[in-house]
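Here the structure comes first, spelled out in structure tokens, and everything after it is commentary.
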Amino acid sequence: MKDLQFKRHRRLRRTDSMRALVRETHLRTEDLIYPIFVVEGEDIKNPVASMPGVHQVSLDHLNEEMDELVSLDIKSVIVFGVPAEKDDVGSQAYHEEGIVQRAIRQIKKDFPSLTVIADTCLCQYTDHGHCGIVRDGDIANDESLTYITKTAITQAEAGADIIAPSNMMDGFVAAIRQGLDEAGFSHIPVMSYAVKYASSFYGPFRDAAHSSPQFGDRRAYQMDPANRLEALREAESDVEEGADFLIVKPALAYLDIMREVKDRFNLPLVAYNVSGEYSMIKAAAQNGWVNEEEIVLEKLTSMKRAGADLIITYFAKDAARYLNQ
């Protein structure tokens with residue numbers, strides 16, 4: 001054995017302190033964005049059956065949620081609305097007194113230090129459940145941009161710090177950027193759902209947001225999970241149109257896409273750790289099949305390692321508690 005030569009990689013793994021000293025990727029509470037579902041009505045805190053630990057809350061319970069986030073040092077939320085009424089053009093999405101607009105005003109008034117991101121889409125507000133306007137059975141791309149832009153403007157007027165359009169219409173970043181600028185909101189950034197796949201991992205979210213399509217599916221505007229180069233074209237278009245952040249959704253099954261987007265574009269990258277990814281781990285943990293804390297931190301760290309600067313995740317509260325221990 002005296003002539004055997006090899007490298008001693010284990011020298012840097014020998015103790016906890018040594019591993020911490022050379023750790024390449026770090027997960028912080030500041031990296032986490034917590035999704036919140038606000039509903040019309042009073043004294044509502046409905047548990048989402050398919051998402052253990054996640055609730056729909058009415059505005060009178062909203063501050064309780066924000067207090068908890070602040071106590072955990074989580075600094076950002078993304079707001080989704082569940083309206084009482086829906087119609088064919090999703091008018092509650094852009095109404096000045098829509099549920100998201102009222103929630104934004106309340107959060108910014110009572111918790112001004114929080115960064116409030118507004119999800120900008122029509123699917124929760126349309127009676128057909130699609131992300132755009134339906135004409136003759138198809139999604140009318142350019143007409144949809146008008147309503148999506150109106151939604152973004154009313155959200156900015158309510159005090160949103162960031163507009164996050166998730167509809168996957170062609171040209172949505174250009175339309176929103178122009179609309180915000182003309183309305184006096186040139187300082188408001190756009191966090192684009194640049195790469196959003198037509199994924200089977202979204203199922204539990206549709207329970208929470210009541211946003212399932214009433215006919216067909218979203219494959220005509222969300223991306224084919226088999227495509228890689230198309231994702232880069234989508235991201236490139238959004239960068240050219242003025243996006244300030246790029247989101248890849250879902251995250252866990254598309255870590256390769258995140259790395260390519262991060263390597264190619266010099267913008268903050270956001271991973272969306274979606275509902276199906278959340279619920280599978282919760283279910284496995286409840287059955288004692290996995291160590292929830294270890295697997296959550298490993299999973300979120302993998303997203304940071306793949307290039308994510310920020311992570312939208314329903315695990316934000318849990319992860320913050322783990323990190324703060």
Side-chain angles (χ1 to χ4, degrees), residues 27 29 31-82 99-100 103 107 114 117 119 123-124 129 166 197 199-212 247 249-255 270-304 308 310-325:
L27 181 67
T29 56
D31 303 330
L32 306 175
I33 301 169
Y34 186 66
I36 186 84
F37 298 95
V38 289
V39 298
E40 306 273 6
E42 296 181 356
D43 196 25
I44 297 172
K45 191 170 184 180
N46 290 332
V48 179
S50 57
M51 299 176 69
V54 174
H55 296 80
Q56 299 170 330
V57 297
S58 52
L59 295 180
D60 52 331
H61 284 287
L62 182 58
N63 282 20
E64 298 169 20
E65 291 280 341
M66 298 303 107
D67 280 329
E68 185 178 11
L69 296 178
V70 170
S71 72
L72 292 169
D73 202 30
I74 295 170
K75 300 183 183 302
S76 305
V77 294
I78 182 166
V79 183
F80 297 88
V82 183
I99 185 62
V100 163
I107 297 171
L114 284 177
I117 305 164
D119 178 78
C123 61
Q124 298 107 281
S166 58
Y197 285 91
S199 173
S200 297
F201 285 99
Y202 300 153
F205 173 90
R206 291 170 184 171
D207 291 341
H210 298 172
S211 62
S212 296
I247 299 176
K249 179 182 181 182
L252 193 60
Y254 299 89
L255 296 177
V270 185
Y272 199 137
N273 176 210
V274 299
S275 58
E277 298 166 349
Y278 172 87
S279 296
M280 288 191 299
I281 289 177
K282 281 292 185 181
Q286 287 177 351
N287 279 282
W289 298 336
V290 298
N291 180 306
E292 183 173 337
E293 176 177 346
E294 291 180 357
I295 204 167
V296 167
L297 293 178
E298 181 178 346
K299 179 181 72 166
L300 297 179
T301 300
S302 77
M303 296 170 194
K304 290 293 299 291
L310 304 168
I311 305 172
I312 301 171
T313 178
Y314 306 98
F315 278 117
K317 292 179 183 179
D318 294 327
R321 291 187 185 99
Y322 304 149
L323 294 169
N324 290 333
Q325 288 175 359

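Residue numbers run from 1 in the order of the sequence given. The analysis underlying the following values was restricted to heavy atoms, covering all of them including side chains, and did not include hydrogens, waters or symmetry mates. None of these values were measured; they are calculated from a predicted model.
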TODO: Quick one: do Val274 and Ser199 satisfy side-chain contact (heavy atoms from CB on, under 4.5 Å)? Show the steps, please.
DONE: CA-CA 10 Å; Val274 299; Ser199 173; 5.6 Å; no
Task: Distance in Å, Glu65 CD paired with Asn63 CG, rounded so as to fall on 0.5 Å steps - done: 10.5 Å
Task: Over all atoms of both residues, closest heavy-atom pair of Leu255 and Ser302 - done: CD1-OG, 3.8 Å
TODO: Please name the pair of heavy atoms, one in Glu294 and one in Asn291, separated by the smallest distance, quoted to 0.1 Å.
DONE: N-OD1, 3.0 Å
TODO: Report yes if the side chains of Glu64 and Lys45 come closer than 4.5 Å at any heavy-atom pair, otherwise no.
DONE: yes
- [ ] Check whether any side-chain heavy atom of Val270 sits under 4.5 Å from a side-chain heavy atom of Ile312, and report yes or no.
- [x] yes
Open item on the list: Pair Leu297, Glu293 - check side-chain contact (heavy atoms from CB on, under 4.5 Å), show working.
Closed with: CA-CA 6 Å; Leu297 293 178; Glu293 176 177 346; 4.1 Å; yes
- [ ] Would you name the heavy atoms of Val77 and Ile33 that are closest together and state the gap between them?
- [x] C-CG2, 3.9 Å
Open item on the list: For Ala253 versus Glu277, what's the shortest heavy-atom pair and its separation?
Closed with: N-OE2, 3.9 Å
TODO: Answer yes or no: is there a donor N or O on one side and an acceptor on the other, between the side chain of Asp31 and the main chain of Ile311, under 3.5 Å?
DONE: no
TODO: For residues Leu32 and Ala319, report the shortest heavy-atom separation together with the two atoms involved.
DONE: CD1-CB, 3.9 Å
Task: Polar side-chain atom of Gln286 near backbone of Ala283 as donor-acceptor pair, under 3.5 Å - done: no
Open item on the list: Does the plane of the ring in Phe37 sit parallel, tilted or perpendicular to the ring in Tyr314? Use 30° and 60° as the thresholds.
Closed with: parallel
TODO: Evaluate the side-chain contact (heavy atoms from CB on, under 4.5 Å) criterion for residues Val79 and Ile107: first the C-alpha distance (whole Å), next the side-chain angles of each, then the deciding distance (0.1 Å), finally the verdict.
DONE: CA-CA 10 Å; Val79 183; Ile107 297 171; 4.1 Å; yes
Task: Shortest non-hydrogen contact between Pro52 and Lys282, atoms and distance - done: O-CE, 3.9 Å
TODO: Spell out, as yes or no, whether a donor-acceptor pair under 3.5 Å connects the side chain of Gln124 to the backbone of Phe80.
DONE: no
- [ ] Measure the shortest side-chain to side-chain distance between Met280 and Phe201 over non-hydrogen atoms and say whether it is less than 4.5 angstrom.
- [x] yes
Task: Heavy-atom side-chain contact between Tyr34 and Leu72 under 4.5 Å - done: no
Task: Pairing of Arg321 and Glu68 as salt bridge, 4.0 angstrom limit - done: yes
Task: Flag, side chain of Asp119 to backbone of Ser166, donor-acceptor distance under 3.5 Å - done: no
Task: Value rounded to 0.5 Å, distance of CD1 in Ile281 from CD in Glu292 - done: 8.0 Å
TODO: Determine the sole option in Leu27, Val296, Leu300, Thr29 for which the side chain to side chain contact (heavy atoms under 4.5 Å, CB included) test with Tyr322 is passed.
DONE: Val296
- [ ] Would you indicate whether the side-chain heavy atoms of Leu114 and Ile74 approach each other to under 4.5 Å?
- [x] no
- [ ] Evaluate whether atom CD of Glu298 has more than 12 neighbouring non-hydrogen atoms of other residues, nucleotides or ligands under 6.0 angstrom away.
- [x] no
Open item on the list: Measuring only between side-chain heavy atoms, which start at C-beta, is Asp60 closer than 4.5 Å to Asp43?
Closed with: yes
- [ ] Test side-chain contact (heavy atoms from CB on, under 4.5 Å) on Lys299 and Thr313 and set out the steps.
- [x] CA-CA 11 Å; Lys299 179 181 72 166; Thr313 178; 5.5 Å; no
TODO: May I ask you to decide if the ring planes of Tyr254 and Tyr197 are parallel, tilted or perpendicular, using 30° and 60° as cut-offs?
DONE: parallel
- [ ] Check whether any side-chain heavy atom of Lys317 sits under 4.5 Å from a side-chain heavy atom of Leu69, and report yes or no.
- [x] yes
- [ ] Hey, could you give me the CG/CG distance between Asp318 and Leu323, rounded to the nearest 0.5 Å?
- [x] 11.0 Å
Task: From CG (Leu310) to NZ (Lys304), nearest 0.5 Å - done: 8.0 Å
Task: Ser279 (side chain) donor-acceptor with Ser50 (main chain) under 3.5 angstrom - done: yes
TODO: Nearest 0.5 Å please: distance from the CD atom of Glu42 over to the CG atom of Leu59.
DONE: 9.5 Å
